[in-house]
Number of protein chains: 2
Amino acid sequence: MSKETLHTPYSDLIRDIGMNIKNMANDRLSELGLNAQQGQMLGFIFENQEKGVIQKDLADRFNRKGATITSMLQGLEKKGYIKRIIPEDNERQKKIYLLKKGADLVEEFNKIFTEVEKNITHGLSEAESKIFMELLIKVKATM
Amino acid sequence: MSKETLHTPYSDLIRDIGMNIKNMANDRLSELGLNAQQGQMLGFIFENQEKGVIQKDLADRFNRKGATITSMLQGLEKKGYIKRIIPEDNERQKKIYLLKKGADLVEEFNKIFTEVEKNITHGLSEAESKIFMELLIKVKATM
DNA sequence: ATATAACAGTTAGAATTCTAACTGTCAATA
DNA sequence: TATTGACAGTTAGAATTCTAACTGTTATAT
């Protein structure tokens with residue numbers, strides 16, 4: 001009876017490393033009462049609110065469906081991190097603005113994400129990190 | 001006003017590639033009426049059922065909580081892919097067995113997972129693939 | 001031998017994300 | 001200008017996974 005075992009080392013390694021990254025970030029962010037997804041969203045709004053961020057921009061940037069963004073922003077608004085305002089020139093849209101409570105956290109978030117990022121290549125030399133980056137870019141582009 | 005943009009290229013690339021892998025697998029598996037998680041679970045049960053797989057083994061293998069495994073297996077049992085039997089020597093446990101309906105699909109699943117796996121390194125040379133693997137292993141071990 | 005702790009699994013309820021159907025607004029066209 | 005289609009966002013309901021509290025079984029220790 002041929003019972004050939006399934007071997008998918010690349011899939012497994014990438015999934016495991018991805019989980020590690022997510023867990024490291026969430027462990028540290030949970031002290032601030034938010035998760036990684038919410039933290040990145042506040043950061044993006046902070047960086048782009050002068051250009052006028054609408055919900056669709058967030059859906060595109062974070063690869064989430066419109067309904068998901070609605071639900072996330074309703075939560076962030078209820079907790080007082082953001083406000084949503086319908087602009088006069090287009091009543092279909094809602095522009096997103098960070099409130100003080102949200103802005104105060106952004107620096108802290110960014111510090112955490114930067115530290116997690118450093119941790120990924122922590123065990124690699126400069127040269128190895130460079131190669132790793134190049135290979136990741138190539139893999140993403142060709143698969 | 002210092003508004004330094006957050007740069008996390010490694011985190012982003014790994015997340016994106018991971019999503020790609022998951023989506024490719026799910027797109028193909030959905031034709032069979034199951035998702036990637038369920039497919040891998042049936043495969044693991046198939047390969048190990050002679051050793052006697054219990055739910056805890058699945059929780060460890062797939063990094064899921066016991067409650068999650070309970071819920072997944074209840075679904076697979078209801079659909080007729082598996083059965084769960086309390087062994088005489090330890091009434092706390094439930095051993096998992098694949099039924100014919102499940103076994104019939106395992107070969108198909110494995111083919112899909114193997115093809116997705118190949119796709120990851122599809123754009124890399126033999127030498128690059130080898131280096132990529134080594135770097136992934138190192139990253140996972142040191143982060 | 002009895003009490004306590006560890007173990008395996010289940011349930012209830014929450015969080016996150018999805019799809020599909022919907023409302024209202026704006027743009028294109030004929 | 002009236003219709004039609006595209007667009008932005010929302011809602012309802014489903015799927016997946018989690019935590020916390022629970023039941024019952026087995027192992028350990030006093």
Side-chain angles (χ1 to χ4, degrees), chain A residues 15-16 18-19 22-23 25-27 29-42 45 51-79 81-97, chain B residues 15-16 18-20 22-23 25-27 29-30 32-42 45 51-79 81-97:
Chain A
R15 184 182 17 83
D16 290 350
M19 282 276 284
K22 195 177 147 197
N23 289 341
N26 278 332
D27 284 351
L29 287 168
S30 65
E31 300 161 21
L32 303 173
L34 293 173
N35 64 31
Q37 199 62 238
Q38 295 167 320
Q40 289 180 284
M41 197 151 284
L42 292 186
I45 295 165
K51 297 175 213 157
V53 184
I54 63 169
Q55 300 194 189
K56 188 171 189 323
D57 298 330
L58 297 173
D60 294 342
R61 170 66 178 74
F62 292 106
N63 280 305
R64 293 285 172 271
K65 300 297 169 186
T68 304
I69 303 297
T70 292
S71 154
M72 289 187 63
L73 292 183
Q74 285 171 338
L76 290 172
E77 189 166 48
K78 221 168 274 172
K79 291 182 192 164
Y81 294 106
I82 61 159
K83 64 180 170 187
R84 295 181 294 166
I85 296 175
I86 295 173
E88 286 176 7
D89 64 323
N90 191 335
E91 293 185 25
R92 282 179 301 194
Q93 304 179 339
K94 291 192 181 172
K95 293 209 168 154
I96 324 294
Y97 300 96
Chain B
R15 183 181 17 82
D16 291 350
M19 282 275 285
N20 268 6
K22 195 177 146 194
N23 289 341
N26 278 332
D27 284 352
L29 288 168
S30 65
L32 303 173
L34 292 173
N35 64 31
Q37 199 61 239
Q38 294 167 320
Q40 288 181 285
M41 197 153 284
L42 292 186
I45 295 165
K51 298 175 213 155
V53 183
I54 64 169
Q55 302 194 188
K56 187 173 190 323
D57 297 330
L58 298 172
D60 294 342
R61 170 67 179 73
F62 293 104
N63 279 305
R64 291 287 171 273
K65 299 297 167 187
T68 304
I69 302 297
T70 291
S71 154
M72 290 187 62
L73 293 183
Q74 283 171 339
L76 291 172
E77 189 166 49
K78 220 168 274 172
K79 292 182 191 162
Y81 294 107
I82 60 160
K83 65 180 170 186
R84 295 181 293 166
I85 296 175
I86 295 173
E88 287 175 6
D89 63 325
N90 190 337
E91 293 184 24
R92 284 179 301 194
Q93 305 178 339
K94 290 191 181 173
K95 292 208 168 154
I96 323 295
Y97 299 96

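Treat the numbers as computed from the prediction; the structure is a model and nothing was measured. All chains are named by letter (A, B, ...) in the order of the sequence lines, taking the proteins before the strands, and each is independently numbered beginning at 1.
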Do any N or O atoms of the protein come closer than 3.5 Å to N or O atoms of nucleotides 16-23 of chain C, and which pairs are they?
from	atom 1	to	atom 2	distance (Å)
C:dT16	OP1	A:N35	ND2	2.8
C:dC18	OP2	A:K65	N	3.1
C:dC18	OP2	A:T68	OG1	2.6

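- Of all non-hydrogen atoms in B:L32 and B:Y81, the two that sit nearest each other are O-OH, 4.3 Å.
- In this structure, B:I69 places its CD1 atom 16 Å from C1' of C:dC7, rounding to the nearest Å.
- Shortest non-hydrogen contact noted between A:A36 and A:A25 is CB-CB, 4.3 Å.
- Across the protein-nucleic acid pair, B:K94 atom NZ and C:dC7 atom C1' stand 15 Å apart, rounded to whole Å.
- Taking atom CG of A:N26 as the reference point, atom P of C:dA15 lies 15 Å away to the nearest angstrom.
- The side-chain hydrogen bond (donor to acceptor under 3.5 Å, both in side chains) search around B:R15 returns B:D12, not counting sequence neighbours.
- Applying the 4.0 Å criterion to OP1 and OP2 of C:dG9, one finds that B:Q74 has every side-chain N and O outside that range.
- The phosphate of D:dT10 has OP1 or OP2 within less than 4.0 Å of a side-chain N or O from A:R84.
- The interatomic distance linking A:L58 (CG) with D:dA8 (P) rounds to 13 Å, in whole Å.
- Rounding to whole angstrom units, NZ of residue B:K56 and P of C:dT10 are separated by 14 Å.
- Annotation for B:I86 and B:E91: closest pair CG2-CA, 3.7 Å, computed over non-hydrogen atoms.
- Distance CG (A:D60) to P (D:dC7): 12 Å, rounded to an integer number of Å.
- Every salt bridge (Lys or Arg N to Asp or Glu O under 4.0 Å) that A:D16 has, sequence neighbours left out, goes to B:K140.
- The heavy-atom pair separating B:K95 from B:P87 by the smallest distance is CG-CG, 4.1 Å.
- Rounded to an integer number of Å, the gap from CG of B:L73 to C1' of C:dG9 is 11 Å.
- At a threshold of 4.0 angstrom between heavy atoms, the contacts of A:I54 are confined to the sugar-phosphate backbone, with no base atom among them.
- Within the structure, salt bridge (Lys or Arg N to Asp or Glu O under 4.0 Å) contacts touching residues 68-78 of chain B (residues at least two apart or in different chains) are B:E77-B:R84.
- A:K65 is linked by a side-chain hydrogen bond (donor to acceptor under 3.5 Å, both in side chains) to nothing, counting only residues two or more places apart in sequence or in another chain.
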Check: protein-nucleotides 24-29 of chain D nitrogen or oxygen pairs below 3.5 Å:
from	atom 1	to	atom 2	distance (Å)
D:dT26	OP1	B:E91	N	2.9

Working note: B:R61 + B:L58, criterion side-chain contact (heavy atoms from CB on, under 4.5 Å); need CA distance, chi angles, decisive distance, verdict. CA-CA 5 Å; B:R61 170 67 179 73; B:L58 298 172; 5.6 Å; no
